[in-house]
Student: 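Okay, handing you the structure first.
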Amino acid sequence: MTSPGQPLVEFRGVEKRYSADARAAVTRLDLTVERGEFLTLLGPSGSGKTTTLMMLAGFEAPSAGDILLEGKSLADRPPYKRNMGVVFQNYALFPHMSVAENLAFPLGVRKIKGAAAKEKVDAALALVRLDGLGDRRPDALSGGQRQRVALARALIFEPDLVLMDEPLGALDRQLREHLQAEIKRIQRALSLTIVYVTHDQGEALTLSDRIAVFADGSIQQIGSPEQIYDYPSNAFVAGFVGENNMLSATVVTRQDRQCTIRLPGGQILHAVATGDIAAGDDVVAAIRPEHVQTGDNQPSRCNTLDARIGELVYHGDHSRIRAELDGGGSLVIRTPSRDGIAVSDRLPIGWCSDRCFAFPVPDITGVSTGNRI
Amino acid sequence: MPGSHARSAAPRRWWAFALVAPLLLFLLASFVLPVLLMLSRAVTDRELHTVWPESAAALRQWDGRGLPPDALAHEVARDMITARQAGTLNRVANRLNYDMVGSRSLLYGTADMLLSGVPGDSVAALARIDPRWGQPGIWAAMRHADGPFTSHYLLAALDRRLDNDDRVISVAPEQAVFANIYLRTFKISALVALFCVILGYPIAYLLASLPDRKANPLLILVLLPFWTSALVRTAAWAVLLQTNGVVNHALQNIGLIDAPVQLIYNRLGVYIAMTHVLLPFLILPLYGVMKGISPVAMRAASSLGATPLRAFLKVYLPQTLPGVAAGAIIVFTLALGYYVTPALVGGGADQMISASIAFYTNQSLNWGMAAALSLLLLVPLLLMLFAGRTLARTVPA
């Protein structure tokens with residue numbers, strides 16, 4: 001049957017064009033999904049993540065390449081023979097059926113009826129903590145409850161794989177966080193394999209075992225949340241996942257993974273070199289607001305700069321500072337203390353060189369370069 | 001604050017009422033009132049009541065058994081003379097003729113004899129002028145017409161009448177036509193509604209599933225005939241379907257038939273033309289309902305393992321039923337009252353109840369009968385609309 005170590009799903013050179021002369025929605029896609037993992041496809045709208053998911057579910061056909069499930073091509077298998085549970089953004093519950101009838105629908109298709117079906121429906125309702133709501137119509141449920149029903153319906157027939165297309169996109173923040181925890185709990189309890197699409201990087205970091213960051217129809221980086229957050233592989237990932245200050249700079253010297261760069265104001269910084277940048281190239285330097293240290297109490301930094309406080313916003317547990325650099329440019333700093341600092345003060349700042357990345361100037365649309373406070 | 005809210009709500013309600021008042025009054029005066037007045041003729045009897053007030057009052061006093069007392073006969077004879085001289089006997093004669101054929105000549109003959117001095121002050125005296133005065137029939141007819149209310153027209157619309165002892169009996173078989181016409185009307189309407197569903201459902205589905213760019217030109221093709229007069233479209237069908245028409249020629253040319261078939265002036269022509277004329281009334285509401293159905297639900301059904309056929313039958317079709325019901329009820333309702341199309345493309349045996357109503361309204365001027373026939377069309381229709389509404393409420397849209 002399945003050889004050990006074989007991935008559950010494999011995308012091989014998949015490409016999708018909606019018409020022959022259109023720009024590719026997905027291009028050169030190679031991706032594997034391992035059994036039992038929570039893989040998130042993260043990216044802005046139009047990045048190809050949903051198209052990828054829809055090709056996996058069978059609602060779109062790849063223009064080139066192949067998708068394999070347990071080593072077998074899915075090319076000629078229609079959606080209803082793929083045995084994948086899909087959770088849609090707008091729930092896609094059947095409005096003319098009760099909650100229990102919605103849940104029993106995939107069971108009826110599989111010839112599970114009567115007491116056996118009822119038992120499974122009750123268990124599914126208990127799993128998503130909706131016991132006793134089986135007789136309700138979907139329109140008598142709240143948004144969060146509807147999404148729980150959609151989740152239960154996608155799980156009740158024990159699919160090989162669960163696909164979720166921005167399932168929490170229509171819910172408010174509090175409910176979203178609550179359901180994130182719920183999804184994670186259920187995934188662990190049932191050892192589910194989940195492919196999850198979202199544009200919310202916070203959600204991706206919280207839930208995932210691995211994240212594939214999409215932009216312009218291809219994967220920019222794939223790895224664990226820590227890898228993605230701490231070691232972004234290009235400027236797009238650095239700007240899209242978490243918050244980053246993006247400074248324009250020019251490479252002065254490069255040695256392997258190390259380089260020195262010059263800011264427009266003449267300041268020289270040490271940074272981690274990425275890609276094939278060389279001396280004289282224009283780059284963007286990325287540094288996260290929480291990695292910038294302030295004041296004289298800076299233990300292990302090797303980049304130091306002099307800045308002026310342009311703006312100061314109090315957030316309760318932390319403060320955010322917009323520091324204006326001499327010679328132009330500014331960066332946002334997140335600091336736990338706000339003692340003894342005021343707008344227009346001079347402020348020495350600095351950071352460790354392994355926290356600062358020099359990336360080639362991106363040609364991807366949607367990279368934010370403005371530093372908002 | 002609730003208090004100020006309540007204070008401000010009252011003037012707003014008056015404003016709203018004032019805004020709709022002109023239309024409301026217009027509708028009341030030009031539609032509701034005339035309809036009610038017309039329908040009231042189905043149950044009122046005014047001829048004897050107004051032309052022969054004394055006789056009508058005396059008839060109401062009489063117990064109705066056998067022959068009347070001589071005093072009543074004398075009253076009737078006096079009223080007959082007065083009415084003959086005033087030229088109003090016509091109205092009474094026509095009314096009594098509905099109940100008893102031959103009443104008209106009986107009244108005119110008797111009135112002329114009375115005018116020439118023949119006595120008529122008792123039943124026996126009148127019977128000497130015409131023996132029919134000595135039989136209960138004419139007296140029962142007069143009693144049935146003594147007003148101000150009558151069951152005559154409604155019973156007649158049901159092929160029933162009152163006999164001389166006020167029992168409801170069936171009319172003679174050769175006069176029993178309306179039950180047949182009603183059945184025919186309901187059958188044609190139901191079949192036309194069914195044909196519209198069968199033909200219209202796929203079109204509505206196509207319109208709803210195409211992208212707007214492609215659906216809009218097709219929608220125009222549906223709307224264009226919708227905006228064209230039904231009379232014009234029916235006339236066009238008459239041209240197409242006649243013995244030497246386009247359809248017969250085409251069928252002959254492709255070898256399906258050897259000789260022209262009768263496509264018009266029979267039931268087939270009525271079905272073809274009415275289905276075509278009424279089709280947009282099914283397509284448009286159904287299209288509206290289908291547009292509101294989320295296409296994602298079908299994808300969800302597919303992902304849950306349902307084949308396309310099963311997904312359609314279990315997920316899509318049930319959600320379209322309110323639209324099918326709405327469209328079918330509209331088509332059925334309109335078909336019930338159809339007049340022009342059956343009149344132009346149907347034969348004598350294909351006429352619907354509206355043709356009878358038109359006959360009584362325009363030709364025989366028996367408005368009581370026209371009103372009764374209309375009422376018997378309206379009441380089942382209202383019941384069905386009510387049932388349809390209740391049904392639609394149980395199916396969530």
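Because the structure is predicted, anything quoted here is derived from the model rather than measured. In what follows, chains carry the letters A, B, and so on, assigned in the order in which the sequence lines appear, proteins first and then strands, with residues in each chain numbered from 1.
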Student: Should the heavy atoms of other residues, nucleotides or ligands under 6.0 Å from NZ of A:Lys113 be counted, would the total exceed 12?
Tutor: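 Yes - once you tally the heavy atoms of other residues, nucleotides and ligands closer than 6.0 Å, there are more than 12.
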Student: Quick one: what part of A:Arg153 sits under 4.5 Å from any heavy atom of chain B, side chain, backbone, both or neither?
Tutor: both
Student: Does B:Lys214 have more than 12 heavy atoms from other residues, nucleotides or ligands lying within 6.0 Å of its NZ?
Tutor: no
Student: Which of residues 295-316 of chain B get closer than 4.5 angstrom to chain A, counting heavy atoms alone?
Tutor: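 Listed by number: B:Val296, B:Ala297, B:Arg299, B:Ala300, B:Ala301, B:Ser302, B:Ser303, B:Leu304, B:Gly305, B:Ala306, B:Thr307, B:Pro308, B:Arg310, B:Lys314, B:Val315.
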Student: When you look at CD of A:Glu34, are more than 12 heavy atoms from neighbouring residues, nucleotides or ligands closer to it than 6.0 Å?
Tutor: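 Yes - once you tally the heavy atoms of other residues, nucleotides and ligands closer than 6.0 Å, there are more than 12.
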Student: Atom OH of residue position B:Tyr339 - does it have more than 12 heavy atoms of other residues, nucleotides or ligands inside 6.0 Å?
Tutor: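 No, not enclosed.
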Student: Considering only heavy atoms, which portion of A:Phe88 lies under 4.5 Å from any heavy atom of chain B: side chain, backbone, both, or neither?
Tutor: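 Contact with chain B involves the side chain of A:Phe88 alone.
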Student: Determine whether more than 12 heavy atoms belonging to other residues, nucleotides or ligands lie under 6.0 Å from atom CG of A:Asp172.
Tutor: yes
Student: Taking everything shown except A:Lys118 itself, do over 12 heavy atoms lie less than 6.0 Å from its NZ?
Tutor: no
Student: Check the surroundings of atom CG in A:Asp76: do more than 12 heavy atoms from other residues, nucleotides or ligands lie under 6.0 Å from it?
Tutor: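 Not more than 12 within 6.0 Å, no.
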Student: Below 4.5 Å, heavy-atom pairs only: which of A:Pro159, A:Pro78, A:Ala92 has the largest tally toward chain B?
Tutor: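 The residue among A:Pro159, A:Pro78, A:Ala92 with the greatest pair count is A:Ala92.
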